[in-house]
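Input: a single structure, listed below in structure tokens.
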There are 2 protein chains.
Amino acid sequence: MEVTTSALPAPPQAPRHDSVDCRRVSQLLARVGDKWTVLIVRSLGGGPRRFNELKRLIGGISQRMLTLTLKNLERDGLVTRTVTPSIPPRVDYELTDLGHSLRKPVDALGEWALTNMARIDAARDRFDRTSEG
Amino acid sequence: MEVTTSALPAPPQAPRHDSVDCRRVSQLLARVGDKWTVLIVRSLGGGPRRFNELKRLIGGISQRMLTLTLKNLERDGLVTRTVTPSIPPRVDYELTDLGHSLRKPVDALGEWALTNMARIDAARDRFDRTSEG
DNA sequence: CAGCATCCGGGTGGATACTG
DNA sequence: CAGTATCCACCCGGATGCTG
């Protein structure tokens, strides 16, 4: 039985932030990448919006998902929900400071996506062509 | 029937990049935020790694998910797969230039997460306490 | 207008067993 | 060691109908 792989409980890796922090980052990305969060955050970037206004703005989201995602965003302190008890009722959603601060890194990722989308598409074409042919 | 909401087909928003681009950014985030991609990309940040090495490094990933995610990353041109036909076989995975370039915006998001994680947790506690009490 | 309740199909992802 | 194949549980998310 050789020691091809170390059986040490503590890996000889970078001393800090490699396991735990990665998890948290991953969890954040799971939230941010959940298909609607970013669309909502960006739609709210220009100022407060009402429920159906957001729905129209985003286009393609079900009201169920809009409700759920907004609730999650509110729970995380990224969005505020303001109810005006009129008839008909009016509810406004708005980014908090924390929500606005999220836009910067998200936009950075967006820049990356826009910049490299063509490269990715090309890579996919190449890969699919190679693996199927 | 009042005009509480504008029925205009073109919203008075930013002139460009609000619908289409958002979708692509969202799609990219869906890939990047798929629970394992970021962990893998970050694990590969220090250089090439072998299959089971990655598995141990990440810890908690099934080999099925590792295989699938690596294949997707390879398909997108973010990772290269190098086979050494020895016995036992050896396969190395390594970030491409494109893959490395992704680390910057992802790390930026990571910074944000680490910086604001406490705030988010606090907001959640507050929210949960309020809604349940 | 804003939002909840319910049903349900499809994809995600884990566990396990097997191959080269 | 580095996968593939299969089965299966879960939950994400859409459609619909109803409330205040």
Side-chain angles (χ1 to χ4, degrees), chain A residues 1-7 23 26-27 29-40 43-44 48-75 79-94 131, chain B residues 1-7 23 26-27 29-40 43-44 48-75 79-94 127 131-132:
Chain A
M1 189 184 196
E2 289 185 289
V3 199
T4 48
T5 63
S6 83
R23 287 310 215 293
S26 185
Q27 284 177 15
L29 284 174
R31 167 151 315 287
V32 150
D34 75 343
K35 186 179 184 182
W36 295 119
T37 295
V38 172
L39 282 324
I40 293 180
S43 295
L44 287 175
R49 300 283 181 185
R50 300 179 61 174
F51 187 84
N52 281 333
E53 193 181 2
L54 274 175
K55 193 167 185 305
R56 272 190 307 275
L57 222 52
I58 295 174
I61 189 174
S62 64
Q63 107 287 36
R64 173 188 152 83
M65 277 305 108
L66 184 53
T67 303
L68 286 180
T69 311
L70 282 171
K71 192 166 296 182
N72 278 329
L73 288 172
E74 189 195 356
R75 188 169 105 98
V79 160
T80 57
R81 179 175 181 273
T82 309
V83 183
T84 306
S86 57
I87 295 178
R90 176 195 181 96
V91 180
D92 287 282
Y93 292 92
E94 186 171 12
S131 59
Chain B
M1 188 187 195
E2 289 186 287
V3 200
T4 48
T5 64
S6 83
R23 287 310 214 291
S26 185
Q27 283 177 19
L29 284 174
R31 166 151 315 288
V32 149
D34 76 343
K35 186 179 185 181
W36 296 119
T37 295
V38 171
L39 282 322
I40 293 179
S43 295
L44 287 174
R49 301 282 180 187
R50 301 180 61 174
F51 188 84
N52 280 333
E53 193 180 3
L54 275 174
K55 193 166 184 308
R56 270 189 310 273
L57 224 51
I58 294 173
I61 188 173
S62 63
Q63 102 285 43
R64 172 189 151 83
M65 277 305 107
L66 184 54
T67 303
L68 287 178
T69 310
L70 281 171
K71 193 166 295 182
N72 279 329
L73 287 172
E74 189 194 355
R75 188 169 106 97
V79 160
T80 57
R81 180 176 180 273
T82 309
V83 183
T84 306
S86 56
I87 295 178
R90 176 195 181 95
V91 180
D92 286 282
Y93 293 91
E94 185 171 13
F127 187 90
S131 59
E132 86 180 20

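By convention in this document, chain letters (A, B, ...) are assigned in the order of the sequence lines, proteins followed by strands, and residues within each chain are numbered from 1.
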So, OP1 or OP2 of C/dG3: does either fall under 4.0 Å of a side-chain N or O from A/Y93?
yes
Starting at atom CG of A/D34, determine the distance to atom C1' of D/dC12, rounded to an integer number of angstrom.
10 Å
Give a yes or no on whether the backbone of A/Q63 and the side-chain of A/T67 come within a donor-acceptor separation of less than 3.5 Å.
yes
Nearest-nucleotide check on DNA chain D, A/I61 vs A/P89; residue mapping nearer the 5' end is A/I61
Whole-Å gap separating P (D/dC11) and CG (A/L68):
14 Å
Check whether A/S43 reaches the backbone of A/I58 with its side chain - one donor and one acceptor, N or O, closer than 3.5 Å.
no
Taking CD from A/E53 and C1' from C/dG3, how many angstroms apart are they, rounded to a whole number?
17 Å
Figure out the CG/P separation between A/L66 and C/dA2, and round it to whole Å.
10 Å
Strictly distance-based, threshold 3.5 Å: is any side-chain N or O of A/S26 a donor or acceptor partner for the main-chain N or O of B/L39?
no
Whole-Å distance, A/Q63 CD to D/dA15 C1', equals 9 Å
Closest-nucleotide mapping onto DNA chain C: is A/V91 or B/W36 further toward the 5' terminus? I mean the 5' end.
A/V91
Classify A/K71 by what it touches in the nucleic acid, base, sugar-phosphate, or nothing, heavy-atom distance under 4.0 Å.
sugar-phosphate
Look at the side-chain N and O atoms of A/K35 and state whether any lies under 4.0 Å from the OP1 or OP2 oxygen of D/dC11.
no
Measuring to OP1 and OP2 of C/dA2, would you say a side-chain N or O of A/R90 lies under 4.0 angstrom away?
no
OP1 or OP2 of C/dA2 less than 4.0 angstrom from a side-chain nitrogen or oxygen of A/R50, does that happen here?
yes
D/dG13 P sits how many Å from A/R31 CZ, rounded?
11 Å
Side-chain N or O of B/R81 closer than 4.0 Å to phosphate OP1/OP2 of D/dG3
yes
In whole Å, what is the span from the CZ atom of A/R64 to the C1' atom of C/dC4?
10 Å
Between atom CE in B/M65 and atom P in D/dA2, what is the gap in whole Å?
19 Å
Pick out which of A/D34, A/V38, A/T37 makes a side chain to side chain contact (heavy atoms under 4.5 Å, CB included) with B/L29.
A/V38
Which nucleotide sits closest to the side chain of B/F51: C/dC1, C/dG14, D/dA2?
D/dA2
If you compare all heavy atoms of A/S62 against all heavy atoms of A/K55, which two are closest, and at what distance to 0.1 Å?
C-CE, 4.3 Å
